[in-house]
Amino acid sequence: MSQAAITSRWKIKTGLNGDFIFKGITVLFAFSILVILFLMIYEMVEQSLPSMAKSGWRFITDQNWDAVQEEFGALPYIYGSVVSSILALALATPLSVGSAIFITEIAPKRLGAVMASLVELLAAIPSVIYGLWGVLVMAPWLQSTVQPFLIDHFGFLPFFQGAPYGVSMLAAIFILMIMVVPIITSISREVLLAVPRSQKEAAIALGATRWEMIRMAVLPYGRSGILGAVILGMGRAIGETMAVTMVIGNTPQISLSLLSPAYTMPSVIANEFAEATSKIHSSALMEIGLILLVVTLIINAMARLLIWSVTRRQSGGGR
Amino acid sequence: MQNKVKLEQLNVHFGATHAVKDVSMDFFENSVTAIIGPSGCGKSTVLRAINRMHDLVPSARVTGRILLDDKDIYDKVADPVSIRRRVGMVFQKPNPFPAMSIYDNVIAGYKLNGRVNRSEADEVVESSLKRVALWDEVKDRLKGNSMELSGGQQQRLCIARTIAVKPEVILMDEPASALDPISTLKIEELIEELKEKYTIIIVTHNMQQAARVSDHTAFFYLGELVEAGETRKIFTTPDKKQTEDYITGRFG
Amino acid sequence: MKSVILRKGANMAMTGLMLAAALAVLVPLVLIFVHIIKMGLSSISLDFFTQIPKPTGETGGGMANGMAGSAVMIALASIIGLPIGIFGAIYLSEYGGSRISTVIRFAADVLAGIPSIITGMVAYTLLVVPMKGFSALAGAVALAMIMIPIILRTTEEQLKMVPGSLREASLALGVPLWRTSLKVTLRSAMTGVMTGVLLAIARVAGETAPLLFTALGNQFWSSKLTAPMAAMPLQIFNFAISPYEDWHRLAWAGALVLVTIMFALSLSARYFGRSRQKN
């Protein structure tokens with residue numbers, strides 16, 4: 001009632017409807033987000049079409065990438081992305097979940113708070129700085145100590161054969177692990193904090209030790225949220241560009257050995273896109289971008305749904 | 001009557017707050033003792049001290065002695081985990097584990113002692129659920145989700161989970177306050193049956209409930225024990241004026 | 001039957017493992033900081049802030065053009081991104097019907113999850129190709145696309161926390177809705193909104209991938225928005241992968257400056273966040 005009165009009075013005073021204009025502006029800006037998203041997807045698809053028409057399915061099954069001969073098989077990049085992210089996640093997940101449990105359930109409150117903010121700090125470091133540290137400090141260290149050790153003691157395994165290069169799949173895995181740990185840790189921490197006190201008390205009252213309480217009440221309750229955190233970490237790892245480009249060695253090959261250089265989808269875009277002269281070359285890179293886009297969209301949607309289901313259950317009450 | 005739990009000069013502090021002051025009293029075997037009093041009087045705090053739940057709160061400090069079969073549970077060598085297996089607890093809001101089935105909920109505490117073979121587990125689940133009169137209602141969906149039960153059923157499930165561990169004492173913190181009248185009645189009948197085997201201590205803000213289910217009643221006010229005795233006496237001829245005022249609804 | 005001792009042993013072992021995991025997470029953090037501070041401090045000098053990079057073979061030089069370029073592009077990205085983010089958030093919290101708001105919120109979340117290199121590719125097709133050249137403007141647009149979802153979501157959260165009674169009080173005084181939104185709702189959420197803005201700036205200040213084929217980078221001074229422009233993260237990248245010791249030193253110095261700026265930003269964001277909570 002007053003609402004209508006107010007607007008009409010404004011109209012009389014100025015001859016314009018201020019609310020109408022204001023609402024129009026906010027609508028315009030809000031919808032521009034949809035436009036941006038639509039444009040991104042549209043452009044990526046549109047620009048990929050020439051490459052799709054030329055290579056078809058061979059694009060993701062061929063290993064040969066030769067811009068001069070205009071042969072584009074993206075398999076080495078897909079392989080590199082998949083292997084580096086999955087192995088990084090395999091290392092990062094137990095570390096992250098373990099430290100999230102330590103921060104929320106074991107450490108004294110103040111220590112937990114300090115550690116949580118350190119983890120947030122780690123998550124804020126730009127990836128180019130991880131890359132700088134990776135290429136100038138970590139890779140040489142891997143080359144001089146870790147890789148020779150692996151070759152000497154585990155060289156009979158196909159994963160640890162060849163010469164120690166430093167920059168390698170292994171370096172990419174390590175740097176990705178260091179980068180996704182803070183993300184998984186901080187989301188897992190939020191998920192664990194959402195476990196109701198009543199659940200923990202139920203376990204304790206049954207005579208559970210602290211670890212039994214974590215296993216019985218905390219982890220099952222937070223299971224899907226933690227899974228969501230891991231998947232979100234996966235999305236981050238697979239789209240990570242700079243740090244990986246700097247340490248992976250950028251060689252389009254498929255090798256079982258983690259010591260040899262490799263290549264990932266974002267890295268090949270970073271290295272070749274600005275210099276791609278032929279139309280078909282940039283279209284091929286666009287198609288790699290499109291694959292990356294689709295994969296990250298799926299991964300992120302899954303993660304959001306999982307995390308959302310947990311926080312919703314929490315706000316839905318203690319029962 | 002045999003005394004099972006004995007409080008001696010019990011004091012509980014939370015930081016600077018003195019929540020329970022110098023409480024000494026007895027709880028008897030195979031009987032139900034109700035703790036009543038206005039909210040904030042320290043009744044839940046006393047209850048939680050009896051299975052060392054305050055260990056979880058860093059700011060809590062418990063002094064004095066609580067004797068369980070004449071042994072101090074706050075003794076340096078006493079082990080809170082073993083004590084909690086002898087002193088079970090049922091909470092105000094039903095808190096079954098949502099990620100577990102009905103069956104797994106009942107066996108959750110029992111299983112902590114090591115691997116249990118299938119037939120033994122089945123037996124424990126069945127007898128515990130029968131004891132809380134839930135067996136007939138859930139026997140066809142033991143693998144179903146515990147969150148699909150009604151509030152009253154969930155609370156009886158939580159009691160089944162507690163007795164599956166075979167405790168000697170059961171603490172109940174307003175176990176029916178979140179339930180409807182019919183579920184409340186069922187819980188009250190259950191308490192009556194359970195006292196044959198267990199020592200039961202129940203906190204309630206509902207005086208009629210205390211009068212109905214308990215043999216002994218203790219009245220707390222502002223962290224102090226005002227009066228304790230047989231329920232009939234407390235509700236008919238209390239010694240203290242404060243108790244009488246509270247029972248008759250003149251304050252609180 | 002498992003004994004209590006065994007169960008306690010398992011408890012201790014798992015506690016130890018989780019402590020070890022927590023320590024393992026913090027080790028790289030400490031190492032990275034130690035190196036950045038050690039290498040950065042030994043490489044930084046006044047020249048770093050006043051000079052442009054020297055050609056290979058010559059010692060010295062700095063990242064003055066990169067710092068200026070980053071500042072210009074971040075400012076431009078904010079000019080584009082802030083209104084969209086903030087007004088979009090006002091729409092979501094004040095007008096949005098539930099279904100369309102959900103769609104916009106979801107779009108913002110999706111946008112936030114897209115790898116930044118793809119943002120760079122899109123900015124390239126939308127701006128670099130039609131304008132026939134790499135430009136600071138394209139770089140700024142790419143950065144803005146990264147800022148928008150962050151600002152939108154944090155601002156919306158803040159606006160939702162403003163009590164409805166405040167809004168109603170203003171409306172009851174005869175203030176039109178649009179003035180209420182700006183002068184009452186937005187203003188009382190201002191410190192929270194600032195937090196989001198600072199976090200968004202901190203995020204894009206370190207972004208490298210979206211600038212690779214938009215701003216491209218520049219060895220020299222450039223103030224033209226339609227020409228390639230230097231940016232600090234790009235310089236750190238190029239110098240780090242170069243084979244020259246001298247350029248590595250510049251990269252470390254750049255890393256120290258960048259990390260310092262980012263922590264200053266997130267500390268002030270936290271300060272704003274805290275002062276809001278106190279009120």
Side-chain angles (χ1 to χ4, degrees), chain A residues 2-3 6-7 10 18-19 22-23 25-27 29-30 32-34 36-37 40 43-44 47 94-95 98-99 101-103 106 115 118-119 122 124-126 128-129 131-133 135-137 178 181 185 209-211 235 239 241-242 246 266 269-270 273-274 286 289 292-293 296-297 300 304, chain C residues 7-8 10-11 14-15 17-19 21-22 24-26 28-29 32 35 83-84 87-88 90-92 95 104 107-111 113-115 117-118 121-122 125-126 145 148 152 171-172 174 176-178 202 206-209 212-213 216 233 236-237 240-241 248 251 255 258-259 262 266:
Chain A
S2 64
Q3 174 69 41
I6 291 162
T7 27
W10 182 259
D19 276 340
F22 182 71
K23 185 174 179 183
I25 294 171
T26 62
V27 168
F29 282 133
S32 65
I33 286 155
L34 293 179
I36 291 171
L37 183 63
M40 287 187 100
E43 283 296 338
M44 294 305 292
Q47 299 292 321
L95 283 182
S99 45
I101 293 174
F102 183 82
I103 290 169
I106 296 173
M115 291 181 76
L118 281 178
V119 167
L122 205 51
I125 298 178
V128 71
I129 289 181
L132 169 74
W133 181 81
V135 70
L136 295 183
V137 180
I178 294 172
V181 154
T185 306
T209 63
R210 184 158 54 193
W211 163 243
T241 311
M242 303 316 297
M246 292 161 88
I269 298 171
F273 192 69
M286 279 286 182
L292 197 59
L293 180 65
T296 47
L297 287 185
N300 279 309
R304 298 256 171 239
Chain C
R7 291 173 52 206
K8 297 212 142 172
N11 184 43
M14 291 313 294
T15 306
L17 271 180
M18 286 177 282
L19 170 66
V25 166
L26 295 180
L29 172 80
I32 290 172
H35 279 114
I84 299 184
F87 280 92
I90 293 178
Y91 173 78
L92 289 183
Y95 297 104
I104 291 173
D109 280 351
V110 168
L111 215 52
I114 291 177
I117 185 122
I118 290 178
M121 294 180 104
V122 173
T125 12
L126 290 179
M145 286 202 258
I148 289 167
L152 179 92
L171 289 172
L177 185 60
W178 70 275
E207 279 293 348
T208 317
L212 285 172
F213 6 91
L216 192 70
I236 296 174
F237 170 61
I241 59 172
H248 291 172
L258 191 56
V259 165
M262 293 192 51
S266 54

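Here is how names work: the chains are called A, B, and so on, in the same order as the sequence lines, proteins then strands, and each is numbered from 1.
Across Ala240(C) and Leu136(A), no two heavy atoms sit closer than the pair O-CD2, 4.0 Å. Closest non-hydrogen pair, Ala274(A) versus Leu216(C), comes out as CB-CD1, 4.3 Å. The minimum heavy-atom distance between Ala22(C) and Met115(A), with the atom names listed, is CB-CE, 3.4 Å. For Pro233(C) against Val128(A), the heavy-atom pair with the smallest separation is O-CG2, 3.7 Å. Across all non-hydrogen atoms, the minimal contact from Ile32(C) to Ile178(A) is CD1-CG2, 4.4 Å. In this structure, Ala21(C) and Ser99(A) approach most closely via the heavy-atom pair CB-N, 3.9 Å.
Looking at Ile84(C), both its backbone and its side chain come within 4.5 Å of chain A, counting heavy atoms on both sides. There is no contact between Leu17(C) and chain A, counting heavy-atom distances below 4.5 Å. Both the backbone and the side chain of Phe237(C) come within contact range of chain A, each with at least one heavy atom under 4.5 Å from a heavy atom of that chain. The part of Ile106(A) that comes within reach of chain C is its side chain, from C-beta onward, which places non-hydrogen atoms under 4.5 angstrom from that chain. Interface remark: Thr241(A) contributes side-chain atoms only to the contact with chain C (heavy atom separation under 4.5 Å). Neither the backbone nor the side chain of Ala202(C) comes within less than 4.5 Å of any heavy atom of chain A. Heavy atoms closer than 4.5 Å to chain C are found in both the backbone and the side chain of Val27(A). Proximity to chain A involves both the backbone and the side chain of Met121(C), based on heavy atoms less than 4.5 angstrom apart. Heavy atoms of Arg210(A) lying under 4.5 Å from chain C belong to its backbone as well as its side chain.
In this structure the side chain of Leu212(C) reaches within 4.5 angstrom of the side chain of Met242(A), judged on heavy atoms. Using a 4.5 Å heavy-atom cutoff, the side chains of Asn300(A) and Asp109(C) are not in contact.
Atom-to-atom distance recorded for Leu258(C):CG and Ile129(A):CD1 is 4.5 Å, nearest 0.5 angstrom. Rounding to the nearest 0.5 angstrom, the gap separating the CE atom in Met14(C) from the CD1 atom in Ile101(A) is 7.5 Å. Here Thr125(C) contributes atom OG1 and Gln47(A) contributes atom CD; the two are 5.0 Å apart, rounded to the nearest 0.5 Å. Distance CG/Leu292(A) to CD1/Ile118(C): 4.0 Å, rounded to 0.5 Å. Distance CG/Leu126(C) to CE/Met40(A): 9.0 Å, rounded to 0.5 Å. Atom CE of Met246(A) and atom OG1 of Thr208(C) lie 8.0 Å apart (nearest 0.5 Å).
Taking chain C as the reference chain and counting heavy-atom pairs below 4.5 Å, the highest number among Val119(A), Leu118(A), Val135(A) is found for Leu118(A). The candidate from Thr185(A), Ile125(A), Leu122(A) with the greatest count of non-hydrogen atom pairs under 4.5 Å with chain C is Leu122(A). Heavy-atom pairs under 4.5 Å with chain A peak, among Leu19(C), Thr15(C), Leu26(C), at Leu19(C). With chain A as partner, the option from Ala108(C), Pro28(C), Ala10(C), Ser266(C) having the largest number of non-hydrogen pairs under 4.5 angstrom is Pro28(C).
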Ile25(A) and Trp178(C): side-chain contact (heavy atoms from CB on, under 4.5 Å), yes or no, with the steps?
CA-CA 11 Å; Ile25(A) 294 171; Trp178(C) 70 275; over 6 Å; no
Test log, rule side-chain contact (heavy atoms from CB on, under 4.5 Å), inputs Leu37(A) and Ile114(C)
CA-CA 10 Å; Leu37(A) 183 63; Ile114(C) 291 177; 4.0 Å; yes
Full working for side-chain contact (heavy atoms from CB on, under 4.5 Å) between Val110(C) and Leu297(A)
CA-CA 7 Å; Val110(C) 168; Leu297(A) 287 185; 3.1 Å; yes
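Between Phe273(A) and Phe213(C), the ring planes are perpendicular. Angles over 60° get that label, and only those under 30° would be called parallel.
Side-chain N or O atoms of Asn11(C) include one that pairs as donor or acceptor with a backbone N or O of Trp211(A) at under 3.5 Å.
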